[in-house]
Amino acid sequence: MKGALSSWSGIPVELAGLVVHHLHAHVDRVRFAAVCKQWRSAAQQVALPPPLPLQALKDGSGTFYSMPRGEPLRFPGCDDDIVTASGNWLVYNRLHCLLLVDPFCGATMTLPSPPIIYCPYNSDDGDEVDYSTIFVLVKLIVCSPHLIAALFQDGSAFWVALSRPGASSWSVARKLPMWIFDIAFYKEKLYAVSGWQDLLALDISVDDNNGDPQVAQVRKVIDGCCITIDVYSLEVLYLIESRGSLLMVRRRIFDGHIHDKGQIHTFDEQSEPELVVFEADVGQARWAKVMTLGDDQALFLGTCSRAVCMPESHSQEKRVWLLDDYKKDGSTINSSYGSNVPIRKFSCPLPKISWKGHIGCAGAVWLFPSN
């Protein structure tokens, strides 16, 4: 036929751009760019929304699942136990440091090991004893090339600490409530939400002697007392930026949905008891309830949360995707599933994974590829 293309590489760049614009999984975009240099060039010229995240298992199996179809993937060299993830970084424990690895490009970054806090106390015979505790890393945020924020846990207490790549130690903020649920870096500021749903702003300064970041001041910018707290339910709070707004997502799980026998079970073909989204109105010092999300916005919630553009054709009316990252009696179960706001019945291509007593709550984390 006259005018027929001799090969697929000959299609116009504009047409190739339309094709790649409909590919929302990172692995699909990589495969598209690998066809030929013309398609790779087209992929580089098109302004694309961020790809959908992957679910990374923390158990050392090196298994990842791609959204939205749940396709299993593996990355070379990523088969150690994962502590957590931060954006496109996987976080691993090493003997004298934390190692961050970007599995998509192979880049690495080193951070100090979790801090050790020495807490003197009086023993039964009246002698003062030094008690030391090593923090457990719960969440890590790569705020900028020179600023890293982390949320550490020590028993029932949570601590916020700052550092930078190549530094020898963490600077721990000591004037915070014991129970911090989440932290977020929003508009060049670090925020934390407490178990009482207070929003705290942490002002950051730089040490004149060594150039290390430190928390200079902690301010309560929103008082959570305006939101009803149910003491008979388990609540999990998430901070997440979405379209220029700072959101707090409250997940409330009633005790009746937490089963016995030492494990927490997910709610197959049932409704989650309650999921509510609030927007931080710092100017008015209040939380404003959000009734709907944007038509193309999806929230991926876990220890590493993010709002992502998720086309309607792939979301199937699901706007919130969760990992079961709560726990009770030292036992956990992990699952991911999608839902609208408010929560409805769910289905998900990603697998249900169960661990008993897995360190760090959820047995998986979201991993967000760079564009």
Side-chain angles (χ1 to χ4, degrees), residues 84 86-87 114-115 117 119 133 135-144 146-164 170-207 212-231 234-252 276-290 299 301-307 325-326 361:
T84 187
S86 176
I117 295 296
C119 306
T133 178
F135 288 176
V136 175
L137 179 63
V138 176
K139 179 172 183 174
L140 187 140
I141 304 176
V142 180
C143 305
S144 73
H146 308 290
L147 176 62
I148 309 295
L151 181 63
F152 291 99
Q153 182 178 6
D154 163 28
S156 60
F158 287 78
W159 305 75
V160 176
L162 304 177
S163 189
R164 59 184 174 86
W170 292 89
S171 173
V172 180
R174 297 177 179 269
K175 296 181 179 180
L176 288 171
M178 286 183 61
W179 193 255
I180 297 295
F181 260 104
D182 202 2
I183 57 175
F185 194 66
Y186 169 69
K187 292 187 175 179
E188 304 303 315
K189 285 185 176 292
L190 185 64
Y191 290 89
V193 61
S194 74
W196 296 103
Q197 300 170 111
D198 297 332
L199 183 65
L200 309 171
L202 285 68
D203 296 332
I204 300 172
S205 63
V206 176
D207 190 307
D212 289 345
Q214 59 188 6
V215 175
Q217 184 181 11
V218 179
R219 298 176 291 113
K220 183 193 291 188
V221 294
I222 295 180
D223 193 331
C225 65
C226 60
I227 304 176
T228 302
I229 297 177
D230 188 346
V231 297
L234 174 66
E235 291 189 345
V236 182
L237 304 176
Y238 307 90
L239 282 181
I240 184 169
E241 180 180 0
S242 176
R243 289 189 166 178
S245 299
L246 182 62
L247 304 181
M248 177 184 71
V249 182
R250 183 185 67 194
R251 184 181 183 190
R252 181 174 287 173
V276 186
V277 181
F278 299 90
E279 180 181 346
D281 186 345
V282 176
Q284 298 295 321
R286 68 185 184 96
W287 291 110
K289 192 172 182 179
V290 176
L299 305 183
L301 303 179
T303 52
C304 179
S305 303
R306 186 170 291 187
D325 50 1
Y326 52 85
C361 295

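This is a predicted model, so every value here is computed, not measured. Sequence positions, counted from 1, serve as the residue numbers for this chain.
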Identify the two heavy atoms, one from [X] and one from [Y], that lie closest to each other, and give their separation to 0.1 Å.
| X | Y | answer |
| --- | --- | --- |
| Pro115 | Trp170 | CD-CD1, 3.7 Å |
| Lys289 | Phe278 | CA-CD2, 3.8 Å |
| Val138 | Phe158 | CG2-CE2, 4.0 Å |
| Arg219 | Asp203 | NE-OD2, 3.0 Å |
| Ser171 | Pro213 | CB-O, 3.5 Å |

Within the 4.5 Å heavy-atom criterion, are [X] and [Y] side-chain neighbours or not?
| X | Y | answer |
| --- | --- | --- |
| Ile180 | Leu200 | yes |
| Leu199 | Leu246 | yes |
| Leu237 | Asp182 | no |
| Leu151 | Thr303 | no |
| Arg164 | Asp212 | yes |

Problem - Test side-chain hydrogen bond (donor to acceptor under 3.5 Å, both in side chains) applied to Ser144 - qualifying residues, sequence neighbours left out - result: none
Only pairs under 3.5 Å count here: list side-chain donor-acceptor contacts from residues 183-194, not counting sequence neighbours, and write none if there are none.
{"from": "Tyr186", "atom 1": "OH", "to": "Gly244", "atom 2": "O", "distance (Å)": "2.8"}
{"from": "Ser194", "atom 1": "OG", "to": "Trp196", "atom 2": "N", "distance (Å)": "3.2"}
{"from": "Ser194", "atom 1": "OG", "to": "Asp198", "atom 2": "N", "distance (Å)": "3.2"}

Completion exercise
In this structure, CH2 of Trp287 is separated from CE of Met248 (nearest 0.5 Å) by 4.5 Å
Fill in the blank from the handout: Value for CG (Leu301) from SG (Cys304), rounded to nearest 0.5 Å, stands at 11.0 Å
Exercise for the section: Assign the ring pair Phe135 / Trp159 to parallel, tilted or perpendicular, where the plane angle (0 to 90°) is split at 30° and 60°. Expected result: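 Correct class here is parallel.
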